[in-house]
Number of protein chains: 2
Amino acid sequence: MIRITAKNAAKQDFMSLMRQLVRTYQAFAAFDAASYRNMDLTVSQADVIFTLGNTAGLTFKDIGAQTLITKGTLTGVIDRLENKGLVKRIDTAEDRRCTQVVLTAKGKRMFGEVFPKHVARLRTRFDRLTVAERRDAQILLVKLQTIFSS
Amino acid sequence: MIRITAKNAAKQDFMSLMRQLVRTYQAFAAFDAASYRNMDLTVSQADVIFTLGNTAGLTFKDIGAQTLITKGTLTGVIDRLENKGLVKRIDTAEDRRCTQVVLTAKGKRMFGEVFPKHVARLRTRFDRLTVAERRDAQILLVKLQTIFSS
DNA sequence: TATTGTTATACTCTATAACTATA
DNA sequence: TATAGTTATAGAGTATAACAATA
């Protein structure tokens, strides 16, 4: 027997919100990953290309900080992107411990031509929301994020 | 030079919402995964235990449908849970192609005692939101989910 | 013929830690 | 001593497809 108390109702409340966050993210991630598969990229690889786009190159440290990929893993991800001819490593003169990673011409083409198509595909979906809904969703997602940070 | 046009503003708008969804989920997932690591479970394994909790057992097909883990992968996940003594396979009489997966006594203890502590830890965070914020977040997440489904 | 779960393969990511070369 | 990136190891999930047993 389950008693319907204020406490149980509140518990139900947050559990359902939590599950909804997961379901929503999974729906987005599945939609997103389908594009990357067409580009023959994994999610991590696409993440790196996206991060490098519109920059003059970033160090492993910078990329790791932005993508949340740890350095050991990042070496492998960059290796695979380099094998695909999408990025290249460049030694830096200032601090010879650092390595810059930059997009090659092929990588720039992917970021400049293929990615925009992906973005357009995403956009058609987000357009189904009103401007107010997008604004409110953004505000609430920020609030949701803050409760888990720190 | 970047022109600030209505089109660019709208693009910026949805891209930023998209990134926020990812960041929020990542913040939650990092918080969540820390608990599972303490229980010596991976996210997938915890997902299965959670799914099996309060049921009399589910088939591979059922578990796969609820967790989005494909059958080939699920065999391995269940193997590892079985090795840890948390679940067991039971052949079904009705349809001998199906296998039921049920929690063992140890698995029930984890679901009944360890998981609630995890839930309580999550709850302290969700309590930082007001009831209205949780309700609004839920509504907007459902809307966000629907734009990616179908 | 279709479905359920298993097996096999090859790849990718994760966590951890030791290692190198620089600073 | 500390930092940036590499290497090594073991484990875990993913995708794909072929397979056996059953319906």
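Every value quoted in this text rests on a predicted model; they were computed, and no experiment measured them. Below, chains carry the letters A, B, ... as their sequence lines are ordered, and counting in each starts from 1.
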Point to revise | Spacing between B:Gln100 atom CD and C:dG5 atom C1', to the nearest angstrom | key: 13 Å
Review point. Distance from B:Asp95 atom CG to B:Arg97 atom CZ, nearest 0.5 Å?
Key: 4.5 Å
**Study point:** d(CD, A:Glu94; P, D:dA4) in whole Å
**Key:** 14 Å
Exercise for review: For B:Asp79 and C:dG5, give me the distance from atom CG to atom P, rounded to whole Å.
Suggested key: 13 Å
Review point. Are the side chains of A:Gln45 and A:Leu86 in touch, meaning some heavy atoms are under 4.5 Å apart?
Key: no
**Study point:** Positions of residues 39-48 of chain A (non-hydrogen atom under 4.0 Å from DNA chain D), listed by number
**Key:** none
Exercise for review: Specify the separation, in whole Å, of atom CD of B:Gln26 and atom P of C:dT14.
Suggested key: 10 Å
Review point. Reading DNA chain C 5' to 3', what string of ( ), [ ], | and . shows its pairs, if Watson-Crick and G-U wobble pairs count only when both distances fall under 3.5 Å?
Key: |||||||||||||||||||||||
Point to revise | Interatomic distance, A:Asp91 CG vs D:dT6 C1' [rounded to whole Å] | key: 13 Å
Check your understanding: Atom CZ of B:Phe60 to atom C1' of C:dT3: distance rounded to whole Å?
Key -> 15 Å
So which protein nitrogen or oxygen atoms get under 3.5 Å of nucleotides 1-3 of chain D's nitrogens or oxygens?
residue	atom	partner	partner atom	Å
D:dT3	O4'	A:Arg97	NH1	3.4
D:dT3	O2	A:Arg97	NH1	3.3

**Study point:** Spacing of B:Tyr36 atom OH relative to C:dA15 atom C1', expressed in whole Å
**Key:** 19 Å
Review point. Is it true that B:Asp79 and B:Arg89 have a side-chain N and a carboxylate O under 4.0 angstrom from each other?
Key: yes
Taking only N/O atoms, report every protein-nucleotides 15-19 of chain D pair under 3.5 Å with atom names and distance.
none

Point to revise | A:Lys108 atom NZ, neighbour heavy-atom count above 12 within 6.0 Å | key: no
Review point. Whole-Å distance between C:dT4 P and B:Ile78 CD1?
Key: 16 Å
Check your understanding: Mind checking what makes salt bridge (charged side-chain N to carboxylate O under 4.0 Å, His left out) contact with B:Arg96, not counting sequence neighbours?
Key -> none
Review point. Are A:Gln20 and A:Thr24 close enough that a side-chain donor and a side-chain acceptor fall under 3.5 Å?
Key: yes
Review point. Nearest 0.5 Å, what's the CZ-CG distance between A:Phe126 and B:Leu144?
Key: 6.0 Å
**Study point:** Evaluation steps, side chain to side chain contact (heavy atoms under 4.5 Å, CB included), between B:Val87 and B:Val102
**Key:** CA-CA 5 Å; B:Val87 306; B:Val102 302; over 6 Å; no
**Study point:** Whether A:Phe111 and A:Phe115 hold their rings parallel, tilted or perpendicular, with breakpoints at 30° and 60°
**Key:** tilted
Review point. Between OH of B:Tyr36 and CG of B:Leu41, what distance do you get to the nearest 0.5 Å?
Key: 8.5 Å
Practice item. Please state whether the phosphate of D:dG5, meaning OP1 or OP2, lies under 4.0 angstrom from any side-chain nitrogen or oxygen of A:Thr75. Key: no
**Study point:** Phosphate OP1/OP2 of C:dG5 contacted by B:Arg96 side-chain N/O (<4.0 Å)
**Key:** no
Check your understanding: Are B:Val77 and B:Val48 close enough, and set up right, to give a side chain to side chain contact (heavy atoms under 4.5 Å, CB included), and what steps lead you there?
Key -> CA-CA 8 Å; B:Val77 174; B:Val48 170; 4.1 Å; yes
Point to revise | Proximity to the side chain of B:Val77 - top-ranked nucleotide from D:dA23, C:dT12, D:dG13 | key: D:dG13
Practice item. Scan residues 51-66 of chain A for pairs that pass side-chain hydrogen bond (donor to acceptor under 3.5 Å, both in side chains), counting only residues two or more places apart or in two chains. Key: A:Thr59-A:Asp62
Check your understanding: Could you walk me through whether B:Val22 and A:Phe28 pass the side chain to side chain contact (heavy atoms under 4.5 Å, CB included) check?
Key -> CA-CA 9 Å; B:Val22 174; A:Phe28 162 75; 3.7 Å; yes
Check your understanding: Mapping A:Asp95 and A:Gly76 to their closest nucleotides on DNA chain D, which lands nearer the 5' end?
Key -> A:Asp95
Check your understanding: Do NZ/NE/NH1/NH2 and the carboxylate oxygens of B:Asp136 and A:Lys143 come within less than 4.0 Å?
Key -> no
